[in-house]
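Heads up: numbering here begins at 1 and tracks the sequence.
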Amino acid sequence: MKAITVYCGSKFGSQEIYKEEATRLAQLIADRNIHLVYGGGDVGLMGVMANTVLDNGGTVTGVIPHFLQAIEGHLALTENIVVDTMHERKTIMVERSDAFIILPGGFGTMDEFMEIVTWAQLKLHYKPVGIYNVNNYYQYFLQHVHHMIDQGFVNPEYRDLIIDDDNLERLLDRMEEATQPHKPVDAVKM
């Protein structure tokens with residue numbers, strides 16, 4: 001993996017472990033010379049990720065829409081990309097990354113994550129998608145994925161599109177092993 005998009009909260013959450021593990025992920029990203037791509041904010045776990053990668057000698061691209069830039073934009077990144085819409089933001093983040101990982105977050109984090117999994121299901125990308133299940137934050141979501149499969153709304157093989165783990169190093173290793181070259185889809189545009 002040369003570049004990874006991290007989806008995470010614009011808040012810190014209710015427990016210190018979320019900030020601690022975001023910091024640890026960012027340190028590992030910098031240590032492994034992986035370029036961070038993220039939503040461009042300087043608040044919550046997003047700010048922790050960007051600042052920690054930068055403080056550890058790594059590089060960071062932030063992609064943020066105009067309307068959010070004045071509210072929460074990070075101005076001291078390796079690269080700032082300001083776009084007009086959330087859809088442009090998501091597309092650029094996909095294009096710039098070899099893999100995706102989700103940390104704890106709210107509705108926006110889940111929106112971005114669900115879209116990237118859906119794009120994998122539709123074969124719009126062939127990049128690993130990981131959940132770092134810090135403090136069992138995604139336990140109920142993962143149970144719900146199995147429920148969707150059991151109820152016949154998700155094909156069982158699509159569960160393999162999500163690599164989840166509560167051990168950060170193991171998760172990154174598994175994602176590294178799963179990294180494949182991007183296979184373009186001629187008939188469909190994101």
Side-chain angles (χ1 to χ4, degrees), residues 1-13 17-120 125 127-134 137-138 162-165 168 171-172 175-176 179 182 190:
M1 287 184 292
K2 295 182 195 258
I4 190 167
T5 289
V6 175
Y7 302 117
C8 59
S10 60
K11 298 186 181 305
F12 292 110
I17 192 168
Y18 301 128
K19 183 177 178 183
E20 290 169 358
E21 292 304 304
T23 301
R24 203 158 71 84
L25 172 59
Q27 289 170 335
L28 284 170
I29 287 171
D31 290 348
R32 293 183 182 207
N33 295 313
I34 301 170
H35 180 77
L36 172 65
V37 179
Y38 84 116
D42 69 351
V43 294
L45 298 184
M46 291 190 343
V48 168
M49 287 294 306
N51 291 329
T52 303
V53 169
L54 292 168
D55 290 347
N56 285 276
T59 57
V60 179
T61 295
V63 186
I64 192 164
H66 288 287
F67 75 92
L68 284 178
Q69 185 182 29
I71 300 168
E72 62 184 41
H74 197 304
L75 301 177
L77 302 174
T78 310
E79 179 182 29
N80 284 302
I81 301 173
V82 181
V83 296
D84 292 325
T85 69
M86 294 294 282
H87 294 291
E88 288 176 278
R89 176 195 214 183
K90 292 175 185 179
T91 299
I92 290 170
M93 292 169 77
V94 170
E95 291 170 348
R96 297 285 187 108
S97 297
D98 303 316
F100 311 91
I101 193 166
I102 182 176
L103 288 176
F107 291 144
T109 302
M110 289 304 298
D111 167 63
E112 292 169 321
F113 177 75
M114 292 306 296
E115 186 165 55
I116 204 63
V117 171
T118 301
W119 289 6
H125 74 81
K127 302 173 185 182
V129 178
I131 292 178
Y132 181 33
N133 195 15
V134 176
Y137 184 80
Y138 288 108
I162 301 170
I163 303 168
D164 62 280
D165 212 311
L168 183 54
L171 175 63
L172 290 175
M175 292 177 68
E176 184 73 46
T179 301
H182 179 69
M190 285 186 266

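Remark: side-chain polar atoms of T109 are paired, donor with acceptor, to backbone N or O of C8 under 3.5 angstrom. Here the side chain of R89 pairs no donor or acceptor atom with the backbone of V83 at under 3.5 angstrom. Proximity of a side-chain donor or acceptor of K127 to a complementary backbone N or O of V94 within less than 3.5 Å is detected. Here the side chain of N133 pairs no donor or acceptor atom with the backbone of D165 at under 3.5 angstrom. No donor-acceptor distance shorter than 3.5 angstrom exists from the side chain of T5 to the backbone of S97, with no hydrogens or angles considered.
Applying the side-chain hydrogen bond (donor to acceptor under 3.5 Å, both in side chains) definition to pairs two or more places apart or across chains, those involving residues 66-80 are N51-H74, T61-E79, H66-D84, E79-R96.
Between I29 and I4 there is a side-chain heavy-atom pair separated by less than 4.5 Å. Two residues are said to be in side-chain contact when any heavy atoms from C-beta on lie closer than 4.5 Å; I162 and Y138 fail this criterion. With a 4.5 Å cut-off on side-chain heavy atoms, Y132 and R24 count as touching. Using a 4.5 Å cut-off on side-chain heavy atoms (C-beta onward), L103 and E21 make no contact.
Not counting sequence neighbours, the partners of K90 by the side-chain hydrogen bond (donor to acceptor under 3.5 Å, both in side chains) test are D111, E115. With sequence neighbours excluded, the residues forming a ring-ring contact (aromatic ring centres under 6.0 Å, His included) with Y18 are Y137, listed by chain and number. Not counting sequence neighbours, the partners of D164 by the side-chain hydrogen bond (donor to acceptor under 3.5 Å, both in side chains) test are R159. With sequence neighbours excluded, the residues forming a ring-ring contact (aromatic ring centres under 6.0 Å, His included) with F100 are H125, listed by chain and number. Residues meeting the side-chain hydrogen bond (donor to acceptor under 3.5 Å, both in side chains) test with R32, sequence neighbours left out: D173.
For the atom pair N33 CG and M1 CE, the distance stands at 12.0 Å (nearest 0.5 Å). Atom-to-atom distance recorded for I101:CD1 and L172:CG is 5.0 Å, nearest 0.5 angstrom. With rounding to the nearest 0.5 Å, the separation of OG1 in T91 from NE2 in H87 is 8.5 Å. A distance of 10.5 Å separates CE in M46 from CZ in F12, rounded to the nearest 0.5 Å. To the nearest 0.5 Å, the span separating CD1 on I92 from CD on E95 amounts to 6.5 Å. Separating the CG atom in L36 from the CG atom in L77 is a distance of 8.5 Å, to the nearest 0.5 Å.
For A30 against N56, the heavy-atom pair with the smallest separation is CB-CB, 3.6 Å. Across all non-hydrogen atoms, the minimal contact from A50 to V60 is O-CG2, 3.9 Å. G40 and I64 make their closest contact through O-CD1, 3.8 Å (heavy atoms, listed as atom of the first residue, atom of the second, distance). Shortest non-hydrogen contact noted between M175 and A99 is CE-CB, 3.9 Å. Residue D98 comes nearest to P128 through the heavy atom pair O-CD, 3.4 Å, listed as atom of the first residue, atom of the second, then distance.
Test I116, V129, I131, L45 against Y7 for side chain to side chain contact (heavy atoms under 4.5 Å, CB included) and you get one pass: I116.
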**Message:** Please determine whether side chain to side chain contact (heavy atoms under 4.5 Å, CB included) holds for the pair M114 and W119, giving the CA-CA distance in whole Å, both sets of side-chain angles, and the decisive distance to 0.1 Å.
**Reply:** CA-CA 9 Å; M114 292 306 296; W119 289 6; over 6 Å; no

**Prompt:** Stepwise, does the side chain to side chain contact (heavy atoms under 4.5 Å, CB included) test hold for K2 with I34?
**Reply:** CA-CA 5 Å; K2 295 182 195 258; I34 301 170; over 6 Å; no

